[in-house]
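Here is the structure we will look at, set down as structure tokens.
A note on names: the letters A, B, ... follow the listed sequences, proteins ahead of strands, and every chain is numbered from 1.
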There are 2 protein chains.
Amino acid sequence: MPKGLTKRRPQTTARLLEAAQETFAERGFYGSSIEVISERAGLTRGAFYSNFRNKEELFFALFDLHAQRVVDRLDQAVGELDASDDPVRALFARAVTVDAAERRWYLLSTEFTLHAIRHPETARLLAERDRALREQIVGILARLFARIGRRPTADLDSLARLTTAVYEGSLAQSLVEPGELAPEELAVTYLPPLFDAVSEPVAPGEDAEQA
Amino acid sequence: MPKGLTKRRPQTTARLLEAAQETFAERGFYGSSIEVISERAGLTRGAFYSNFRNKEELFFALFDLHAQRVVDRLDQAVGELDASDDPVRALFARAVTVDAAERRWYLLSTEFTLHAIRHPETARLLAERDRALREQIVGILARLFARIGRRPTADLDSLARLTTAVYEGSLAQSLVEPGELAPEELAVTYLPPLFDAVSEPVAPGEDAEQA
DNA sequence: AGAATCGGATACAGGTCTGTATCCGATACG
DNA sequence: CGTATCGGATACAGACCTGTATCCGATTCT
């Protein structure tokens with residue numbers, strides 16, 4: 001519950017996050033010292049330590065930002081679903097855009113995951129974050145099925161895992177072989193029929209809601 | 001062309017490589033200092049710098065060792081191909097074993113690849129190594145097709161790339177979801193029919209060799 | 001056996017990074 | 001307007017790590 005001159009604070013935090021994003025992109029997680037990040041933000045390490053406990057916490061802040069962006073985009077896309085021929089395909093085509101920022105994030109999170117594998121405490125934190133994000137996605141999937149008048153026959157959590165795996169796997173391949181494969185292609189092509197296969201139409205009468 | 005007491009040399013080199021493997025497995029590439037590796041080998045940094053220029057060169061030495069193992073295993077498996085119902089499947093089932101060492105190597109090489117992405121000079125060296133390995137594999141694939149009396153209709157280099165991609169992609173997934181998916185499964189299941197699809201039988205009369 | 005060389009140990013110089021403790025100007029609030 | 005607090009800067013202490021230069025015992029070859 002801080003009360004004081006809390007006006008400059010969010011500004012400073014934002015500048016650090018911005019600088020971190022750029023620095024991580026150029027030099028990776030290990031290669032980015034706290035000093036360089038702070039300098040890039042036009043601040044000193046003092047400011048950094050006043051805002052974050054360490055570099056890991058900084059990464060997690062970026063993680064949260066990114067997760068929010070993903071959820072927002074998916075959420076909005078589900079909300080704007082039209083009654084097209086293949087609504088699921090339309091959704092992925094809209095929501096799954098792999099731009100430069102997305103590629104950068106993939107590289108960073110991969111590096112961080114490898115780091116976490118060697119540091120159990122960090123791995124715990126990361127897994128918890130992953131879980132929370134997946135939970136959000138499960139909610140969106142549920143809304144999606146409701147929206148298209150179908151009921152999933154498969155476990156939504158595992159479906160969320162698969163969706164993520166396809167997306168990330170495709171991204172990895174397109175990084176290794178740039179130009180050979182559009183990163184969105186696998187998801188857009190294979191997920192719609194899959195979603196169809198793991199769900200069934202709801203009977204006309206029943207569409208009551210339950211949390 | 002060294003002539004002197006070259007008898008202890010290979011011993012020392014081997015001890016350093018062994019220690020590097022263990023240390024990298026426990027602490028990753030970045031996390032392993034040359035000092036720790038040397039100590040683990042029961043030597044000092046002096047010995048290390050007498051045998052390798054730096055940590056990267058050490059990694060590449062491990063790369064060569066691993067590549068040789070892969071090539072040997074594949075090569076031998078092709079040589080011992082029996083006239084079974086599905087020879088390609090039999091080959092992959094034999095040659096593609098994903099043990100703990102293989103998983104460790106995957107983690108290490110992935111970390112190193114990310115490192116290389118940020119260091120163009122290193123990336124060049126890595127790409128060159130990859131190319132050389134792929135060349136070996138192309139040779140093996142050629143022998144394989146000859147052995148089963150078929151002629152490839154697709155570019156062997158791209159087929160080698162795909163094979164590697166399937167293998168590594170599968171490995172990545174099985175690391176993320178241990179127990180859900182046997183790492184060999186995708187390769188064993190999907191590659192045989194694929195190989196069949198990209199080749200045609202040779203006409204009975206013609207089976208002359210050409211380098 | 002002696003000379004030349006090799007291989008690894010030791011010592012040195014330099015650089016980088018982290019985290020903390022302290023300080024001081026600025027601001028909000030009474 | 002004065003005071004308490006906040007936020008960032010500065011300074012400090014300590015830990016690593018790399019690469020090189022030098023040294024010395026051991027060994028091969030003649």
Side-chain angles (χ1 to χ4, degrees), chain A residues 1-20 22-24 26-62 108 111-112 115-116 118-119 121-122 125, chain B residues 1-20 22-24 26-62 108 111-112 115-116 118-119 121-122 125:
Chain A
M1 323 332 195
K3 295 186 186 176
L5 16 161
T6 321
K7 222 182 303 180
R8 202 178 11 166
R9 211 90 224 281
Q11 259 271 357
T12 303
T13 303
R15 273 165 68 192
L16 284 170
L17 287 172
E18 175 74 14
E22 296 169 3
T23 310
F24 285 154
E26 285 172 12
R27 320 167 53 142
F29 184 75
Y30 278 96
S32 302
S33 74
I34 290 173
E35 177 142 30
V36 168
I37 294 171
S38 306
E39 266 170 19
R40 181 153 199 158
L43 299 163
T44 64
R45 277 175 36 247
F48 178 91
Y49 281 108
S50 170
N51 280 270
F52 301 95
R53 195 126 48 97
N54 50 38
K55 205 159 64 167
E56 286 189 2
E57 196 176 294
L58 176 63
F59 169 83
F60 283 123
L62 287 179
L108 176 58
E111 185 183 357
F112 190 83
H115 163 75
R118 322 278 186 192
H119 297 81
E121 181 56 23
T122 306
L125 296 175
Chain B
M1 323 332 198
K3 296 186 186 177
L5 15 161
T6 320
K7 223 183 303 180
R8 202 175 16 164
R9 212 89 223 283
Q11 260 270 357
T12 303
T13 303
R15 275 165 67 193
L16 283 170
L17 286 172
E18 175 74 14
E22 297 170 3
T23 310
F24 284 155
E26 286 173 11
R27 319 167 54 143
F29 183 76
Y30 278 97
S32 302
S33 74
I34 290 173
E35 177 142 33
V36 168
I37 294 171
S38 306
E39 265 170 20
R40 181 154 199 155
L43 300 163
T44 64
R45 277 176 36 247
F48 178 91
Y49 281 108
S50 170
N51 280 270
F52 301 95
R53 195 125 49 97
N54 49 38
K55 205 159 65 168
E56 285 190 2
E57 195 176 295
L58 176 63
F59 170 84
F60 283 123
L62 287 180
L108 176 57
E111 185 183 355
F112 191 83
H115 163 74
R118 322 278 186 192
H119 298 82
E121 180 56 24
T122 306
L125 296 175

Starting from P on D:dG8, measure out to CD1 on A:I37 and report it in whole angstrom.
16 Å
Report the distance from atom CZ of B:R9 to atom C1' of D:dT28, rounded to the nearest whole Å.
15 Å
For B:S50 and C:dC6, is the shortest distance between a side-chain N/O and OP1 or OP2 below 4.0 Å?
no
Whole-Å distance between D:dG7 P and A:K7 NZ?
13 Å
The salt bridge (Lys or Arg N to Asp or Glu O under 4.0 Å) partners of B:R15 (sequence neighbours excluded) come to none
Could you give all pairs that pass the side chain to side chain donor-acceptor pair (under 3.5 Å) test and reach residues 36-45 of chain A, with sequence neighbours left out?
A:E22-A:R40, A:E26-A:R40
Residues in salt bridge (Lys or Arg N to Asp or Glu O under 4.0 Å) with A:E35, at least two apart?
none
May I ask you to check whether A:H115 and B:Y30 place their ring centres under 6.0 Å from each other?
no
Please report the distance, rounded to the nearest Å, between OH in B:Y30 and C1' in D:dC17.
15 Å
Can you check the A:N51 CG to D:dA9 C1' distance for me, whole Å?
13 Å
Measure the distance from CD on B:E57 to P on D:dT18 and round it to the nearest whole Å.
15 Å
Rounding to a whole Å, what distance do you find between B:E39:CD and C:dA9:C1'?
13 Å
Spell out protein contact along nucleotides 17-23 of chain C as letters: B when the base is contacted, S when just the sugar-phosphate is, - when no protein heavy atom is under 4.0 Å; keep the 5' to 3' order.
SBBB---
Residues in ring pair (Phe, Tyr, Trp, His ring centres under 6.0 Å) contact with A:F48, at least two apart in sequence or another chain:
A:F52
Could you pull out all residues at least two apart from B:S50 that satisfy side chain to side chain contact (heavy atoms under 4.5 Å, CB included)?
B:R9
State which of C:dG8, D:dG7, D:dA9 makes the closest approach to the side chain of A:L43.
D:dA9
Just N and O in the side chain of B:T12: are any of them under 4.0 Å from OP1 or OP2 of C:dG8?
yes
